[in-house]
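A short worksheet on the structure shown next.
Order of the sequence lines sets the chain letters (A, B, ...), proteins ahead of strands, with each chain counted from 1.
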Amino acid sequence: MSLLKEPDLGTPARVGEATVDVEIDGQHVRVPEGTSVMRAAALAGIDIPKLCATDSLEPFGSCRLCLVEVEGGRGTPASCTTPVAPGMRVHTQTPKLDKLRKGVMELYISDHPLECLTCSANGDCELQDMAGVVGLREVRYGFEGENHFDAPKDTSNPYFDFDASKCIACSRCVRACGEVQGTFALTISGRGFDSKVTAGNGESFLDSECVSCGACVQACPTATLQERSVVELGMPNRTVLTTCAYCGVGCSFKAEMRGDEVVRMVPYKDGGANEGHSCVKGRFAFGYASHPDRVMKPMIRERITDPWREVSWEEAISYTAQRMRDIQDRHGVGAVGGITSSRCTNEEVYVVQKMVRAAFGNNNVDTCARVCHSPTGYGLKQTYGTSAGTQDFKSVAKADVIVVIGANPTDGHPVFGSRMKRRLREGAKLIVVDPRRIDLVRSPHVEATHHLQLAPGTNVAVVNAMAHVVVTEGLVDRDFVAERCEGFAEWAAFIARPEHSPEAVEQITGVPAAELRAAARLYATAPNAAIYYGLGVTEHSQGSTMVMGMANLAMACGNIGRDGVGVNPLRGQNNVQGSCDMGSFPHELPGYRHVSDDAVRTVFETLWGRTLLAEPGLRIPNMFDAAIEGSFRALFVHGEDIAQSDPNTKHVTAALSAMELVVVQDLFLNETSKFAHVFLPGTSFLEKDGTFTNAERRINRVRPVMAPKTGKHEWQIVCEIAQAMGYPMHYDDSSQIMDEIAITTPTFAGVSFRKLDEVGSIQWPCNDAAPEGTPIMHVDGFVRGKGRFIETTYVPTEERSTRRFPLILTTGRILSQYNVGAQTRRTPNVAWHPEDLLELHPHDAEVRGISDGDLVTLASRVGETSLRARITDRMPVGVVYTTFHHPVTGANVVTTENSDWATNCPEYKVTAVQVGLKQVSVATNELSTSALAD
Amino acid sequence: MEALPYVRLANEIAVQFRHWEPGEAAAEIAAHLRSFWDPRMRTQLIAHVEAGGAGLDVLIIDVVALLREQKVH
Amino acid sequence: MNSPVTVYVPRDSAARSVGADDVAALIEGAAIAAERPIRLVRNGSRGALWLEPLVEVETPAGRIAYGPVNPEDVDGLIAAGMLDGAPHDLRLGRTEDIPFLRDQTRVTFARVGVTDPLSADDYLAHGGLAGLRRALELTREQVVAEVTESGLRGRGGAGFPTGIKWNTVRNATADLKFVCCNADEGDSGTFADRMLMEGDPFTLIEGMAIAAYAVGASEGYIYIRSEYPDAVATVRQAIEIAYAHGWLGERIFGSDLSFDLFVRVGAGAYICGEETSMLESLEGKRGMVRAKPPIPALQGLFGKPTVVNNVLSLASVPMILADGAAAFAAHGVGRSRGTQVFQLAGNIARGGIVETDFGITLGDLVERFGGGTRTGRPVRAVQVGGPLGAYLPVSQLDLPMDYEAFAAAGAMVGHGGVVVFDDTVDMAAQARFAMEFCAAESCGKCTPCRVGAVRGVEVIDRIVAGQDRSKNLVVLNDLCDLMTEGSLCAMGGLTPLPVRSALQHFPDDFGGEQ
């Protein structure tokens with residue numbers, strides 16, 4: 001249900017070449033074969049009454065309102081379940097049908113509370129609408145009969161209520177939970193009149209497997225499943241179309257407003273990334289934007305031990321500018337730098353990197369992608385020629401084999417995870433490569449054909465072995481390789497070496513050779529096989545090698561350049577793709593063009609009126625090292641909590657403490673702001689005006705639903721700092737920033753706010769060659785011309801288990817929380833994940849005397865923290881796992897300085913640790929002392 | 001005692017190219033450092049080699065030679 | 001007197017429910033005591049249920065029947081010389097001469113009660129597997145044509161031509177096809193499926209194997225209601241025996257037919273006798289009706305092309321293949337070909353199975369075979385076709401048992417159940433019961449059935465109570481229209497049949513204007 005009525009054609013579209021012409025109420029309409037009569041009628045402008053049908057769900061045929069008459073046919077079939085047939089003549093309005101429909105509504109209303117005027121769905125209720133449509137005037141059964149008026153209400157979910165008394169048993173919620181979300185948490189229990197919607201095995205919604213994605217609420221035609229905000233605040237009165245600011249899926253939402261207050265976020269059916277679906281974060285967890293913790297005024301302090309002092313914008317800006325210049329005067333132009341945020345818009349990122357390059361006059365700009373997907377950028381650029389995933393999300397619906405490597409889509413990218421699960425339910429085969437048994441391995445109606453449960457850090461050995469099987473068993477797509485690629489012969493000779501065979505690496509990876517061979521064959525022989533990967537690939541000392549290894553494998557099997565295939569990074573942050581596109585890396589100008597390229601520099605120098613450095617600047621870890629060593633003195637941190645999210649916390653805080661000026665622009669005070677001298681309050685996505693680019697290179701508009709609560713847009717603040725530093729930088733509005741991006745960056749040449757408003761979203765490259773954008777890349781040729789095979793030697797990480805640190809820690813995310821939790825911890829999402837837990841195998845727990853729920857210490861060679869244990873056979877023996885959503889956990893206290901050789905992306909996924917009961921004080925003390933002594 | 005950052009990072013790269021022909025490896029690594037390292041880090045690395053190159057992978061010694069050559073040009 | 005005498009005591013659960021097991025044990029004991037070796041065969045039931053336990057003794061003159069035999073009768077019977085077929089008060093003469101049985105035409109039930117249901121030898125000795133063997137000599141197309149030409153229609157109730165259904169499945173392209181037997185016999189007054197499964201399970205297995213061959217299926221399921229534990233056990237044993245003899249499994253008789261067969265047990269829902277609900281249940285889901293299209297023949301079990309047939313339909317197939325379509329089609333009238341296994345129940349003197357050609361009148365069944373009511377009072381109403389069948393008044397007892405004739409009279413033959421009521425029946429209560437039954441057994445998917453049946457009970461109560469009678473009669477009529485026209489499946493769609501027929505033929509039972 002939603003305020004902005006999007007057309008609902010009743011049943012999903014059918015695709016196909018063949019079409020059928022039918023006559024409905026005298027009107028001819030031609031539709032694809034298999035289309036329902038209901039949808040055909042809707043396309044002809046004829047709305048057939050319906051309650052159980054909605055075009056996001058397969059037809060069900062239960063409400064019996066949509067009955068029609070077909071000439072020459074028997075009875076009155078339901079138009080939702082009846083496909084069109086050639087020459088069919090349908091009547092949707094006859095006296096007989098009128099009477100039947102009125103009869104159906106009469107039955108419904110005889111068991112429905114007559115509380116329309118005080119109902120929270122008043123005016124937004126399909127049952128109410130249909131009573132009107134059929135002209136129901138009387139309920140001759142009365143209201144004294146058997147009914148559900150006293151059915152109990154379930155208010156366990158923090159965001160929505162389930163009021164069973166209003167349920168019409170249409171099963172839309174149940175079907176949405178299965179078909180759209182793929183969780184199957186809901187069912188109808190009982191039968192006949194006792195049929196009722198039930199969560200789990202009769203538990204409350206909160207206690208059931210329900211993931212609170214909101215699909216059921218979205219599907220409910222009545223007030224039965226309703227956002228509590230609507231109950232409490234009332235119906236919204238205006239709608240703004242915008243983009244979610246959580247993960248890299250980039251879902252489109254309608255922000256439904258009542259004045260300046262967001263009543264609810266409703267997923268948008270025409271959103272290219274999500275097509276009407278959502279997850280618990282985007283759908284419900286937006287309350288942080290108005291959380292009392294938000295800082296609304298700029299603050300400064302001389303020393304980090306001083307209390308914060310609220311100041312005017314003018315003072316904060318001039319103070320920042322003056323200190324920056326002062327430090328540069330004393331320590332050189334290169335002593336300052338900035339970090340852009342993947343949480344912010346393309347426009348905001350663009351101006352920050354512009355400030356660094358033009359106003360600061362150096363290339364010391366980096367972005368939080370450094371710590372997540374920088375190896376993707378490196379690896380895909382080297383092999384394919386551009387730093388981006390190859391497909392659109394839709395492509396997964398054409399995949400026959402899906403390989404998920406080091407990603408956990410159902411938690412990290414839930415809306416895409418649901419798409420993937422839908423395809424898997426349709427019969428696509430799944431290969432999961434992950435040390436941990438993620439939900440996808442076995443969940444309702446989904447089971448991985450192969451789960452390669454490798455030892456952390458052995459990705460490259462596994463992908464090489466898969467490629468070895470492909471090459472040595474004659475599974476290479478010879479035509480593709482010959483026509484589209486280069487370097488194959490050398491690579492094939494390399495990969496065919498016996499040391500890459502599954503049998504040879506079995507000891508290293510822990511993956512049984514036969515299983516690996518079978519998986520490789522499955523991938524190689526599928527008509528379409530697609531690889532999806534996440535930070536379990538990149539956040540390793542061989543992250544870049546692994547990305548290239550996957551790229552090699554895909555090329556060797558010809559799995560590039562069409563629907564259903566590809567190499568696809570599942571990006572973490574909402575705009576991590578965009579922040580990289582916008583020139584956030586120290587070696588690249590916008591559009592992934594190296595700073596040493598004179599022609600490119602000239603474009604910017606001409607426009608910006610400054611000479612730009614041709615040498616790369618410092619990356620984030622280099623900045624920390626340089627700060628400790630003394631050559632780097634000031635940092636502008638745009639919306640990233642590096643003190644919590646970056647590895648080896650001790651090292652990071654030492655670096656921050658060593659700086660003279662740390663400027664933090666953010667919504668909330670955080671771990672990093674503890675070391676800051678200037679705090680510039682930021683704006684939430686509800687206030688921003690700009691664009692985000694999601695993991696499929698889709699540029700979506702972010703539209704403000706309210707003015708900046710802080711009084712200024714973030715891009716304005718950045719421009720004003722640059723101005724105050726003596727570099728003129730001004731835009732009237734953020735659309736002008738995008739216009740500048742379009743002028744300077746060929747892949748964005750065709751992008752503008754106006755165009756986005758017209759077409760909804762665009763996948764770059766968008767230019768004269770591809771005016772409507774590019775859903776799938778490398779179709780006719782690779783961006784770099786020929787795809788390049790690169791030899792990928794497996795070099796084990798330095799980090800390995802020892803007697804002192806016998807376990808390997810790996811980290812990940814959970815569905816309800818987001819990254820360092822700054823947003824989600826400030827929402828009722830904590831109901832699902834109040835604290836980070838350490839998952840470990842029963843064997844590892846047993847030998848340490850650890851029981852489920854015990855407080856345990858987690859120590860590595862660099863630090864120690866403590867958290868509660870969860871014992872689970874999801875984990876293999878010897879590997880432990882935790883999330884990093886709560887600062888108190890301090891997971892990064894234990895992670896090390898190890899990083900990807902090519903990009904310095906930290907090796908979050910492999911840390912040798914020891915785990916012990918917190919109470920066993922003697923042993924723990926020994927550990928922590930020795931750890932600190934390192 | 002932790003290794004100096006640029007020493008550690010250079011060694012991490014060197015190990016990835018150990019299977020290459022040494023000359024090619026040095027050229028590739030030098031190109032990589034020119035593309036991705038801030039000049040001050042390259043300067044530090046060069047200085048470190050000049051000071052004896054303690055703890056450095058032997059391959060990096062050749063790389064530094066190439067970097068120095070480039071600088072002279 | 002040295003060779004053992006063969007004695008038959010049925011293992012059918014109807015016979016067991018009236019003491020057949022005790023009788024069998026006592027006969028064995030008494031025979032030992034009398035030093036008379038016997039060979040005890042637990043056969044199926046002959047279907048003359050008022051005579052159960054019906055004991056038969058093999059004699060040179062044929063099988064001599066005694067019944068009903070109570071445990072206390074056994075000693076006397078043995079003493080009287082039952083094992084030699086000697087006279088006794090309970091002696092019924094040659095079984096085949098009992099008029100109730102003599103006057104029937106046993107085709108589908110030819111072996112039921114005659115053979116040992118789990119004896120492969122017995123099965124073969126009585127013509128078993130001739131149908132399958134012949135089928136395997138024909139092409140798939142020819143087998144389907146044979147079934148089509150026989151005129152066989154679905155015995156589950158809907159009467160859809162079996163050959164046409166099979167042809168649809170045969171023509172569907174798929175990597176996997178299924179044959180599913182609907183043995184969820186839930187209609188009141190029906191028990192033929194059960195008796196066949198308990199009395200001649202190999203016939204069903206053979207019929208399914210023929211179906212599998214004809215349509216290209218490789219897996220079959222028999223969905224048996226949980227209330228039939230004996231049938232479940234018997235069919236499971238029969239399947240094991242069939243595998244052991246190579247009648248199931250890989251490359252049956254060296255042909256290219258490979259067919260695996262499994263039994264699945266229902267969970268007590270009437271609606272799972274509806275074919276799409278049954279498929280849902282077989283898939284492990286809640287028994288809920290699917291909308292059609294797609295039809296199960298194209299997208300059935302797990303979305304694959306599936307033959308769904310009733311037990312009796314499948315059990316009729318071996319004979320059709322063995323003796324040819326013409327032999328089967330020679331029976332019956334009009335478009336109702338072959339025989340039907342009627343089941344006489346309710347208030348009836350001689351209840352049981354009557355297999356006879358289509359075309360026999362209802363009155364003939366009730367009076368000639370059934371002997372009128374058990375209470376001896378006049379017949380007032382007969383419900384044919386299960387709880388959703390119409391109530392017919394005495395004036396319609398001349399209706400021929402024929403799909404089309406019944407449909408024309410607003411009634412249905414259904415699964416062949418005939419339930420008789422005497423003149424004490426309250427037809428308003430029966431009409432109410434129809435709605436109540438629908439309310440209790442509705443899957444809950446579609447509105448007319450889920451809510452309508454509950455409202456139907458309430459409206460009938462109001463009518464009977466004289467509350468706004470004329471207005472409520474209109475409401476009931478509208479509701480019946482809606483359920484008939486608007487329901488998703490036959491459950492809601494047919495419930496108005498008994499309600500309306502009761503109203504039409506017995507209006508006085510619904511009270512007059514107060």
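For chain B, no part of A:Asn362 is nearby; none of its heavy atoms comes within less than 4.5 Å. Proximity to chain B (any heavy atom under 4.5 Å) is restricted, for A:Thr545, to the side chain, taken from C-beta onward. Within the 4.5 angstrom heavy-atom criterion, no atom of B:Tyr6 approaches chain A. Of the atoms belonging to B:Leu9, it is side-chain heavy atoms, and not backbone ones, that fall under 4.5 Å from chain A. Heavy atoms of B:Arg40 lying under 4.5 Å from chain A belong exclusively to its side chain.
Scored by the ring-ring contact (aromatic ring centres under 6.0 Å, His included) test, B:His32 finds A:Tyr378, A:Trp901, B:Phe36 as partners (sequence neighbours excluded). Annotation: ring-ring contact (aromatic ring centres under 6.0 Å, His included) contacts of A:Tyr384 (sequence neighbours excluded): A:His778, A:Phe782.
At a cut-off of 3.5 Å, with distance as the only test, no side-chain donor of A:Glu615 or A:His587 sits close to an acceptor on the other residue.
The aromatic rings of B:His19 and A:Phe494 sit tilted, their planes meeting at an angle between 30° and 60°.
The greatest number of non-hydrogen atom pairs below 4.5 Å with chain B, out of A:Arg619, A:Glu798, A:Glu791, A:Glu629, is found for A:Arg619. Heavy-atom pairs under 4.5 Å with chain B peak, among A:Pro621, A:Ser541, A:Ala626, A:Ser899, at A:Ser899.
The distance from the CG atom of A:Asn904 to the CD atom of A:Glu897 is 11.5 Å, given to the nearest 0.5 Å.
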